[in-house]
Amino acid sequence: AQSVTQLGSHVSVSEGALVLLRCNYSSSVPPYLFWYVQYPNQGLQLLLKYTTGATLVKGINGFEAEFKKSETSFHLTKPSAHMSDAAEYFCAVSDLSGANSKLTFGKGITLSVRP
Amino acid sequence: ETGVTQTPRHLVMGMTNKKSLKCEQHLGHNAMYWYKQSAKKPLELMFVYNFKEQTENNSVPSRFSPECPNSSHLFLHLHTLQPEDSALYLCASSQVGGAGEQYFGPGTRLTVT
């Protein structure tokens, strides 16, 4: 079975600082991995995904993530935080093994950006 | 309309009321999902539909009754809810056979009084 671990519940950075949000996964098959962002009172928006190929994937809003199989990690980074990046971020792994295509989500992490 | 839409965006209902949430996807997908998101709790998958057939029910109480008349529309019928059912209800869709990414609607914020 798949699982996702996002350690901590809150990260605070200064505007312009590096953003690093950690995600570790467990999967019995080669994983498909995703990062989603959720702004207050909105749905989840897909930031980026890894399926196959290049292990460094770029997403929207200047975010990128690197798939590291040896570390079972898929950390999300952004070189310079902006106030508009304040939101909740979810890492997810796809489970395609059964009849249903499902996502297993981490518990999410809240990013705050200080002026 | 583009993407996944949900109506209403906000709903306040008493415990004896009956109401319905509506979701529509404009992405040509063939799988649809209902999730419940409560404060301080992980996202909970409630129901899955593939090609308008229910393929998963995660032990959801019968006071929640889903309906999927076609691959583009999904409803969640609500009756005799409890205050602990207050939450953000999210609808999502995906393409069966794809990589599994789901596209979400904006959610319905439900308050049960």
Side-chain angles (χ1 to χ4, degrees), chain A residues 1-10 23 25 27-54 57 59-60 65 67 74 87-110, chain B residues 2-11 21 23-25 27 29-51 53-58 68 87-111:
Chain A
Q2 274 76 2
S3 68
V4 173
T5 302
Q6 293 182 253
L7 289 177
S9 60
H10 185 236
C23 172
Y25 69 89
S27 176
S28 55
V29 296
Y32 293 166
L33 295 157
F34 308 88
W35 274 99
Y36 285 84
V37 61
Q38 185 179 30
Y39 299 101
N41 293 312
Q42 293 189 29
L44 278 67
Q45 181 183 7
L46 182 65
L47 267 181
L48 51 77
K49 66 180 181 182
Y50 168 78
T51 54
T52 58
V57 292
I60 60 171
F67 169 63
F74 190 56
E88 190 156 17
Y89 292 80
F90 294 90
C91 182
V93 61
S94 186
D95 180 357
L96 304 176
S97 58
N100 295 322
S101 166
K102 294 193 294 185
L103 291 177
T104 300
F105 287 90
K107 60 182 176 57
I109 191 159
T110 301
Chain B
T2 59
V4 181
T5 58
Q6 289 186 245
T7 54
R9 293 294 312 277
H10 300 273
L11 178 62
L21 311 185
C23 174
E24 183 174 1
Q25 60 93 3
L27 300 169
H29 290 162
N30 40 39
M32 297 188 78
Y33 310 78
W34 278 118
Y35 288 87
K36 176 183 179 183
Q37 188 178 36
S38 305
K40 308 299 182 188
K41 284 183 154 184
L43 209 55
E44 297 174 50
L45 178 63
M46 301 173 72
F47 301 103
V48 181
Y49 279 81
N50 285 345
F51 298 99
E53 299 296 322
Q54 186 181 120
T55 52
E56 186 151 340
N57 175 339
N58 278 327
C68 189
L88 183 67
Y89 288 85
L90 293 164
C91 173
S93 70
S94 73
Q95 186 67 20
V96 173
E101 69 262 40
Q102 295 175 16
Y103 293 85
F104 285 78
T108 295
R109 173 67 62 185
L110 173 66
T111 304

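Just so you know, these numbers use all the heavy atoms, side chains as well, and skip hydrogens, waters and symmetry mates.
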For the atom pair SG (A/Cys91) and OH (A/Tyr25), what is the distance rounded to the nearest 0.5 Å? 10.0 Å

Determine which pairs satisfy salt bridge (Lys or Arg N to Asp or Glu O under 4.0 Å) with at least one residue from residues 87-104 of chain B, sequence neighbours left out, and list them in order. A/Lys49-B/Glu101

I need the residue from A/Leu103, A/Val93, A/Leu46 with the largest number of non-hydrogen atom pairs under 4.5 Å to chain B. A/Leu103

Out of B/Gly97, B/Ala99, B/Gly98, return the one with the most heavy atom pairs under 4.5 angstrom to chain A. B/Ala99

Counterpart residues, side chain to side chain donor-acceptor pair (under 3.5 Å), relative to A/Tyr32 (two or more places apart): none

Mind ranking B/Pro42, B/Cys91, B/Ser94, B/Pro106 by heavy-atom pairs under 4.5 Å with chain A and telling me who comes out on top? B/Pro106

Less than 4.5 Å to any heavy atom of chain B: does that hold for the side chain of A/Tyr39, its backbone, both, or neither? neither

Of the backbone (N, CA, C, O) and the side chain (C-beta and beyond), which part of A/Gln38 lies under 4.5 Å from a heavy atom of chain B, both, or neither? side chain

OG1 on A/Thr110 to CD on A/Glu88, rounded to 0.5 Å: 4.0 Å

Any chance you could measure B/Leu90, atom CG, to B/Arg109, atom CZ, to the nearest 0.5 Å? 9.0 Å

With a 4.5 angstrom heavy-atom cut-off, is it the side chain or the backbone of B/Gln37 that approaches chain A, or both, or neither? side chain

